[in-house]
S.K.: 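Okay, here's the structure, questions in a sec.
Order of the sequence lines fixes the chain letters, A, B, ..., with proteins taken first and strands second; residue numbering starts at 1 for each chain. These numbers come from the heavy atoms of this one structure, side chains and all, not from hydrogens, waters or symmetry mates.
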Amino acid sequence: MGVLSAIARTLRPAPAVAALTAGALALSACGGSSLDQSGGGESGGPVKIGLLIPLSGVYAPLGQDMRDGFTLYLDQHGGKLGGREAEVVSADEGEGPQTGVPAAQKLVSQDRTTAVVGVVNSATALGLRDFFTESKQPLLVANAGADAITAGRKSDYVWRTSFANGKVGAALGPAVAKEAEGGVYLIAADYAAGREMVAGFRKAFEAAGGKVAGEKYTPFGKTQDYQPYLSAIRSSGAKAVYAFYAGAEAVSFVKQYKQFGLSDEIDLYGTGFLTEGDVLKAQGQAAVGTKTSLHYSAELDTPRNKEFVAAYQKAFNEPPTVYSVQAYDAAAALDKALAKTKGAGGQKLAEALGEVGPIDSPRGSWTFDAAHDAQQKYYLREVRSSGGTMVNAVVSELS
Amino acid sequence: MDTYLVSVLNGLSMGSLLFAIALGLSLVFGMMDVLNLAHGAVYLAGAYVAVALAGDGTGLMAFVLAVLAAAVVGALLGGALAGLTRTTRRHLDQALLTLGVALVVAELLSLAFGDDVRSIAAPAPVDDGVKIFGATYPVYRLLVIGFGIVLAVAVYLLIERSALGSVIRATVSDRAMVSALGINTGRVLVGVFAAGAALAAAGGVLAGPILGAQPGLDEKVLLLALVVVVIGGLGSVRGALLGAVLIGQVQAVGTTLLPEFASFLIFAAMAVVLLLRPAGLLPARSAVHA
């Protein structure tokens, strides 16, 4: 049933894509002389960027935010990347590799993109690493967090503008070790991301002298009722909880945490995805007081971020999320790298990505590190009610 | 010990919801021989009715109104499904037809309400918690248990004790004979289909404060309902009740006792039942009994 519905959702027409394709046809007709559709040439024509984001399925809200972030960067820079007219082709990543991998292959081989940006799902990103390496085309991962996408098994062609799961968790470890007045219970969805988020946290937390009161993984995508786990947390005598959930599970977990009265007695910590974007809207009042670590919050009090939030709010009528910023920054990194290569793609572009230097991002300045990950600050955020709407207020910087 | 008692209580509230949802699926299969794969979509339509009418915490009246509105939407969907499935007698055709309807309904809901996770607040006077066994327990879930008990009694009286119930049972045993008595059997069957779908949609509202509403929930709920029907036995009200309570307990208490195996527990329970009683625990006999 899941597969069938995925097919059905993929069949949904995407007017934006059609419009872009029409625009692309018009542009190449105007160009007249340009037969070079590989995007790898230095002929001065437009560069074609593939946007591989979920347009359907459970991750569709993230895909929407990423597209908005990427679009905003282009709008703010005259529709150009590296001095060339940027032409964006979207493809639907869907929910997993079975839809995401073919979509990426279509972008690279059929649409002949110069680079691809996006990828929400870690399994999809892992499945694509070798494909992009073999195709000699850069992939800018703008969300998928699996530790193995970069670092030890990094590819020259794969760069990540988002985060590595372990690092987001690790950033929070020492802070919780300091604040918690007793054992901390670790709970996460039972899949790679959940385990990496917990492992990263646990290592930093125990190194800082924290004590673990229990550790539990809940079936991913199958758990609707958290009461048995919440009871276990209560009877463990833990003084605080560290949780990783995202999407619908984050909503259920946080709401039930409140309904069963745990939020009055046991502090809730987590990685930022627990309370980010639309998830927070659905949690509402139940999320108040939850503390999370993330490399961005729309509440960040810097001139750069305020200007970004205002522009984003004006364009899309909602505050930006971490997902929008990750895609926005991918566009910024591409902009710099393409300026260096004068529009050339392939190996030159992949190398240029390593030399783009600091990116002036709404999240604060960051650079690509040796592992091809974003070297960035993490923030401790707390959910507060601001005039009826919930926001992730920035408490402090985490080192 | 208290932990387990809370889990038992919680299992009962999940069981009540599952009973409301699975009952229609079971009766429609048992009586009309139609496997309705659109049942989960009907449930989700009900959940989104709640999002539209009672999304951000409303009074009890608005919530009851949402339940009734969802029941009407469900009944209309059920009636339409009954009409569609009567065009063919082959199981595979019916399964594909209802699956198609499920996909269309889910897609329409996603277009209308977006792909975001939506939550539904419990109505105002019962959105708090009470202390039970030394821990806070949401009052709303207690009400759900009460609803399940009332529903079970009402359905028992309707099917087993009322004139309409005897017509329904007779229609299943021998449709030709009932027609010969001057009763429009087609209408009885459509009525049962619509009532079952109305219950599923109302279940979508009632489960809203616990499960919320989001794309994909329809498939999860359909799967749970199918497990309940298989365990309980097709076409029997008592079977659906037993299956729902059992699955509710297996999920709640089982997860407390054996958290490592949480994702297999209900399927393990189903496998055991199928091994020992292939027709389910309380299958309908030749005629439908409550």
S.K.: Out of curiosity, A:K222 NZ to B:I266 CD1, how far, rounded to the nearest 0.5 Å?
M.R.: 9.0 Å
S.K.: Which atom names give the shortest non-hydrogen contact between B:A252 and A:P228, and what distance separates them?
M.R.: O-CG, 3.5 Å
S.K.: Rounded to the nearest 0.5 Å, what separates atom OG in A:S56 from atom CD in B:E107?
M.R.: 8.0 Å
S.K.: Is it the backbone or the side chain of A:F220 that comes under 4.5 Å from a heavy atom of chain B, or both, or neither?
M.R.: neither
S.K.: Do B:S7 and A:Q227 have side-chain N/O donor and acceptor atoms under 3.5 Å apart?
M.R.: yes
S.K.: Given a strict heavy-atom distance threshold of 4.5 Å, which part of A:V251 is in contact with chain B: side chain, backbone, both, or neither?
M.R.: side chain
S.K.: Side chain from CB out, backbone as N, CA, C, O: work out which of these in A:Q64 comes under 4.5 Å of a heavy atom of chain B, or both, or neither.
M.R.: neither
S.K.: For the CD1 atom of B:I210 and the NZ atom of A:K255, what is their distance to the nearest 0.5 Å?
M.R.: 10.5 Å
S.K.: Of the listed residues (B:P259, B:P209, B:G114, B:G254), which shares the most heavy-atom pairs with chain A below a 4.5 Å separation?
M.R.: B:P259
S.K.: Test side-chain contact (heavy atoms from CB on, under 4.5 Å) on B:M14 and A:D225 and set out the steps.
M.R.: CA-CA 9 Å; B:M14 290 307 282; A:D225 192 15; 3.9 Å; yes
S.K.: What are the two closest heavy atoms between A:Q224 and B:L211, and how far apart are they?
M.R.: CB-CD2, 3.3 Å
S.K.: Of all heavy-atom pairs between B:D115 and A:L55, which one has the smallest distance, and what is that distance?
M.R.: OD2-O, 4.4 Å
S.K.: Most heavy-atom pairs under 4.5 angstrom with chain B, which of A:A282, A:A60, A:G261?
M.R.: A:A282
S.K.: Which atoms of B:L224 come close to chain A, meaning under 4.5 Å heavy atom to heavy atom: side chain ones, backbone ones, both, or neither?
M.R.: side chain
S.K.: Identify which part of A:K258 has an atom lying under 4.5 Å from any heavy atom of chain B, answering side chain, backbone, both or neither.
M.R.: neither
S.K.: Does atom NZ of A:K239 have more than 12 heavy-atom neighbours from other groups under 6.0 Å away?
M.R.: no
S.K.: Please find the pair of heavy atoms, one from B:A135 and one from A:R234, that lie closest to each other, and give the distance.
M.R.: CB-NE, 3.6 Å
S.K.: Any chance CG of A:D264 has more than 12 other-residue heavy atoms, nucleotides or ligands included, within less than 6.0 Å?
M.R.: yes
